[in-house]
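Input: a single structure, listed below in structure tokens.
Note that these values count all heavy atoms, side chains included, but never hydrogens, waters or copies made by symmetry. Naming convention: chains lettered A, B, ... in sequence-line order (proteins, then strands); numbering from 1 in each chain.
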Amino acid sequence: MTPASAVCLFFILLVPLAPAGLALINTGLGRSRSAAHAMLAALCVMAAAAIVYACCGFAWQGFAGGAAYTLRAAGKQWNWIAAEPLFLRGHPLDGSPVSLVVLLQMLSAGLAALIPLGSGADRWRLGASCASAALLAGCTYPLFAHWAWGGGWLAQFGSNYGLGRGFLDAGGASCIQAVGGLTALAVTWTLGPRRGKYATRGLPAAIPGHDAVVVLFACFLTLLGWWGLNAAGAILFTGAEPGRAVLIAVNTLLSAAASLLAAVAITGLRFGKPDSSLCANGWVGGLAASSAACAFVTPAAAVAIGLVAGALVTVTVAYIEWPLSIDDPGGAISVHAAGGLWGVLALGIFARFPDNVSGQWLAQLIGIATLLGCVLPLTYALNWLLNRIYPQRVDPEGERQGMDLYELGAGAYPEFVTHNEEFTQQ
Amino acid sequence: MTPASAVCLFFILLVPLAPAGLALINTGLGRSRSAAHAMLAALCVMAAAAIVYACCGFAWQGFAGGAAYTLRAAGKQWNWIAAEPLFLRGHPLDGSPVSLVVLLQMLSAGLAALIPLGSGADRWRLGASCASAALLAGCTYPLFAHWAWGGGWLAQFGSNYGLGRGFLDAGGASCIQAVGGLTALAVTWTLGPRRGKYATRGLPAAIPGHDAVVVLFACFLTLLGWWGLNAAGAILFTGAEPGRAVLIAVNTLLSAAASLLAAVAITGLRFGKPDSSLCANGWVGGLAASSAACAFVTPAAAVAIGLVAGALVTVTVAYIEWPLSIDDPGGAISVHAAGGLWGVLALGIFARFPDNVSGQWLAQLIGIATLLGCVLPLTYALNWLLNRIYPQRVDPEGERQGMDLYELGAGAYPEFVTHNEEFTQQ
Amino acid sequence: MTPASAVCLFFILLVPLAPAGLALINTGLGRSRSAAHAMLAALCVMAAAAIVYACCGFAWQGFAGGAAYTLRAAGKQWNWIAAEPLFLRGHPLDGSPVSLVVLLQMLSAGLAALIPLGSGADRWRLGASCASAALLAGCTYPLFAHWAWGGGWLAQFGSNYGLGRGFLDAGGASCIQAVGGLTALAVTWTLGPRRGKYATRGLPAAIPGHDAVVVLFACFLTLLGWWGLNAAGAILFTGAEPGRAVLIAVNTLLSAAASLLAAVAITGLRFGKPDSSLCANGWVGGLAASSAACAFVTPAAAVAIGLVAGALVTVTVAYIEWPLSIDDPGGAISVHAAGGLWGVLALGIFARFPDNVSGQWLAQLIGIATLLGCVLPLTYALNWLLNRIYPQRVDPEGERQGMDLYELGAGAYPEFVTHNEEFTQQ
């Protein structure tokens, strides 16, 4: 194992703290009567995604320079899907860059699959969320990740048309965050809002999260997880020197910090008092936005990216709830889709390369268009199809009882006295 | 410090997340009125084990190739206990492999000592659990760890009789998990069941855990802890290349994932609904089972090991409770003893070595026989003796009040209204 | 990046678990109705400190051998403040030792700034705590850290007067713990006690923490965080070999373990039952005390340092509450100021160097005198001044409602029934 691979491996070891943190955030922002369900679903989704990705996801994602299918269009060869063997055969897991890609992506696919859980809180069946995660890890995720990270056609815009270095994303603002966030949007379309959310003449009812402490504690864990994602991704997918990990860590921290403080300021000005849930969303939104550009910008630019992300998240959370009338309890669409897309764009705006290539912003815009025009319809179609075969939403009776009691047979906190009735409209 | 030592050191740094996770699991699966006691006992047990191991445990465990006492039997020299100086003298803690063994084992001994806390929940006195931990870290643990990891007679079956590579255990399925799990069994024998557990005509009462969220959150932490245990152990005790850590991490994750999904499926089929406590136990059981073989099997075999572990844990949890009538609130016996023993056996079944040695399965069976025939009686004798000198079980009044109030003078959650009376029979 | 830098980087990656742990400890030791506020304040303080430190703090802290202003006094040149460019310009963040100092110090400044939050619990306004953190990260912290770590006049006592190696502190017992703890003292002076604390004829009312489980869980996390602080600091600021990190990890663990057990024994003897809050404080006090000397003492000395720390923390907590009548809900003054100062002194007592230099104890005493005679007045003056401009204490109405409701508009646990009235005197 080379020193660069060792450095990369240790960053990968931090990655599971990202799904651990998101699981806590989703749970804490949901209801107490769905808390055990939310955590168990997170663990199951991570497990299912890891297994499915090992079975077939990696075969289709591959890696830059590996076997792949190409199409000829507009006089150029475009690489559109990898052709690796199934079940991780053919590549010894011996510390080589390819083996590190396998390990990182088994976790990243799980992280992307975990994002929609926040949006489906309190009404998404456990089995359906696992099946949806399997579709993500086995199809949507590897496909787009191949295009961006596996030497696919988005990455080829650099060599084929001279658009900067082609579509670029160090830590997964597109592949992980936006793919996960757009799937969350598709899931909310499929599931519909929680009962009682838009009961009284269309105005949304506020349904507060049940534990702000775990939500805010999770923010600390996500920092470590994102350091892992951003640095390992930058080394494996953009060929960054290991020493650049210091810049990446500084930028990731500054971006999250600026985004948090922006969210505190904006919610404080808007509602008179800062809102702790939105501030936590702001922190994670800053992390999501930092992912693409962290390896290519100055610390000052990272602060700017974070400030915009914090504003964007707080504004879109409100806009999605009303007038769009999309019920997203965990704010996953704003944090991961809006934050991630902003991160992808920000690379086009702020990134500086030693060789002063131009046109990077165009490659980034093409990536965003692909996410919105291609990944979103695909993930919606898959979830719509799944819903026809296996209804994803729990029965009305389950929503009345709470997911814990209905799907798991026991509540998360059986000894604590709760009064959760007041938040539900009959 | 060599690169291999640096890689090993960083895996060791992850290890404390395993006891942190187990402490949360034990606490969450217990009652709210014993929650502070359960966490404080975990911290004290880790502290006591680390100090005792540094004083004398390492002197008796030693390392392969170090000073040791031997016995001649059946015409061979058998190495049965190390003869290192007490108090960590004689070996500078300078990053050498021996110093890494010291650091890893100070933590591993604490982890093994922490396992029985789950079984003794709600009735084991704080002082007695610390004393029991000191006996484990100073006697049982180093003795068996010497046999398996310190060049002792179990490891010598390879060179002395050509049984594969001798008894083999990369990450501690035997030394840590089975030793801890069998001590948990000895502790439940010593303590007896909680009052109210078998009150009504022998049929056990269900006493649910008080916080499923911390239990399931802890599962994420344990993954990191086991990565540390499995990779550091494989490098230090089986001479694995650092690059093999990638295979180990993939296998550990797949084994836990498969075990979790097996537990979800089995409890879902059996009770109609998946049980979140048993699913968490399934996840940790998959980790425990992965420890022995993780460095020597393919990812597909790791999935198979996990599937069996998940089935085994869910079945044995029920069997231990009834008809065996052993009250194990945290499921430590099933998860760590059954899971660990299965992991040891699984290495004999699935491991493939480049030189195609044979007889590995027999060495593994001898190891299991030693654990059951030698370690279990020893740990039971020590705990029985301790119980004579210092009664381990709290007074009936303490069990009525709860451990927090009786032993610490204050509850864990003084501001929250709880209704824990309904789970106790007078 | 050199291997030593890579080792150092990975220790730095563990550091955020120290603020994560302290945030949970502060929150759990406070009231449930201020829990969201306590966590959000911790995140905001870390964010503000990181940004301010990146803007100007590093420019004034600098590093040994960097640009600095000097004063001539007593015939010697004394280096008193660094003269680096603002906004991290001038030093590429490329894995060089200077870049690692930047990353580590952005986190350490946040950690130091987080310590006073425990003392100001339940009455310190969010905006004021962020402003106070900015003053710490931009002024007090870099100033003292320059003196001790940046080649400043305290470090020069070795070369200028032959006092050992000059003032020495591997992991920040002075720069982080004592600076944070003394700022906590200044903050309690500025804020005054919580209402109801000294209501009945001066005798303090006991106001228990609201969640002992998160407090004790956080202790596990702090171990990892302190491993990071101690090892990274030793490598960057005292030139320790990377291999010495093993000694540092062993010493840090032993010191915390001994301190915990001392706290258990002392509180058990004194109150009849061990107190879980004080035991957690003992653990962290042992970590704080280990920081200075961890790289220079034997494991036996680390145990001794921990035993004294545990005794010191439990005794000073009581003494500060009464007769000093300082209301410090989180015990930050005892844990971090008393523990840290003892750690600084302990290096003078226990450290052994290969070249047998003498006078180290005097350099350490000069450091302690500087902290008490220079840093404490400075930080008190800054907080007093801030209080004049922007009152730091919440309105009486806010204290009556709880910080969550008054400053954030929502409680941390809206679905749980709490009875927190009984702990407040009207």
Side-chain angles (χ1 to χ4, degrees), chain B residues 1 3 5-6 9-10 12-14 16-17 19-21 23-24 27-28 32 35-40 42-44 46-51 54 87-89 92-96 99-100 102-103 106-107 110 126-127 130 211 214 218 221 404 406-417, chain C residues 3-4 6-7 10-11 14 31-33 208-217 219-221 223-224 227-228 241-251 253-254 256-261 264 268 271-277 279-280 283 298-300 303 413 416-420 422-423:
Chain B
M1 194 157 55
S5 293
L9 174 59
F10 289 114
I12 296 175
L13 297 181
L14 297 177
L17 294 173
L24 280 185
T27 303
S32 72
H37 190 273
M39 287 303 296
L40 183 60
L43 206 58
C44 288
M46 236 186 88
I51 290 177
F87 303 111
L88 304 183
R89 283 170 304 164
L93 300 172
D94 59 357
S96 63
S99 71
L100 293 169
V102 169
L103 179 59
M106 280 172 69
L107 298 163
L126 181 63
C130 289
D211 192 339
V214 301
L221 297 185
D404 284 1
Y406 191 73
E407 287 224 315
L408 306 180
Y413 313 105
E415 300 191 19
F416 292 93
V417 179
Chain C
V7 170
F10 289 113
F11 276 101
L14 297 178
R31 308 287 305 280
S32 72
R33 56 191 202 163
H210 84 284
D211 192 338
V213 170
V214 301
V215 171
L216 290 159
F217 166 63
C219 292
F220 287 92
L221 296 185
L223 174 65
L224 289 170
W227 277 355
E241 302 276 305
R244 197 166 271 266
V246 177
L247 175 69
I248 293 169
V250 167
N251 282 348
L253 173 59
L254 285 175
S259 184
L260 169 74
L261 296 179
V264 170
F271 310 121
K273 295 173 179 178
D275 179 273
S276 65
S277 310
C279 293
W283 173 270
T298 61
V303 170
Y413 312 105
F416 293 93
V417 179
T418 57
H419 48 83
N420 53 31
E422 67 196 54
F423 301 111

Residue part contacting chain C, namely of [X], when any heavy atom lies under 4.5 Å:
X: B:Ser99; value: both
X: B:Ala36; value: both
X: B:Pro19; value: both
X: B:Ile51; value: both
X: B:Leu40; value: both
X: B:Met1; value: side chain
X: B:Ala6; value: side chain
X: B:Ala23; value: side chain
X: B:Ala42; value: both

Interatomic distance, [X] atom [atom1] to [Y] atom [atom2] [nearest 0.5 angstrom]:
X: C:Leu247; Y: C:Thr298; atom1: CG; atom2: OG1; answer: 8.5 Å
X: C:Ser32; Y: C:Asp211; atom1: OG; atom2: CG; answer: 9.5 Å
X: C:Thr418; Y: C:Arg31; atom1: OG1; atom2: CZ; answer: 9.0 Å

What part of [X] lies closer than 4.5 angstrom to a heavy atom of chain B: side chain, backbone, both or neither?
X: C:Val264; result: side chain
X: C:Ala256; result: neither
X: C:Phe416; result: side chain

(message) What verdict does the side chain to side chain contact (heavy atoms under 4.5 Å, CB included) test give for B:Leu17 and C:Phe220, after you've listed the backbone C-alpha separation in whole Å, the side-chain angles of each residue and the deciding distance to 0.1 Å?
(response) CA-CA 8 Å; B:Leu17 294 173; C:Phe220 287 92; over 6 Å; no
Identify the heavy atoms of [X] and [Y] that sit nearest to each other, and give their distance.
X: B:Ile12; Y: C:Trp227; answer: O-CZ3, 4.3 Å
X: B:Leu9; Y: C:Ala245; answer: CD2-CB, 4.1 Å
X: B:His37; Y: B:Asp404; answer: N-OD1, 2.8 Å

Report the option among [options] that has the most heavy-atom pairs separated by less than 4.5 Å from atoms of chain C.
options: B:Ala50, B:Gly409, B:Cys44; value: B:Cys44
options: B:Thr27, B:Leu107, B:Val214, B:Leu221; value: B:Leu107
options: B:Pro92, B:Ala20, B:Ala410, B:Gly411; value: B:Ala20
options: B:Leu100, B:Leu126, B:Leu43, B:Leu88; value: B:Leu43

(message) Taking the side chain as everything from C-beta on, heavy atoms only, tell me whether C:Pro299 gets closer than 4.5 Å to B:Leu93.
(response)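 Contact flag for C:Pro299/B:Leu93 side chains = yes.
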(request) Quick one: sort the C:Tyr413 and C:His210 rings into parallel, tilted or perpendicular, breaks at 30° and 60°. (result) tilted
(request) Apply the side-chain contact (heavy atoms from CB on, under 4.5 Å) test between C:Trp283 and each candidate in C:Leu223, C:Leu216, C:Val215; give the one that qualifies. (result) C:Leu223
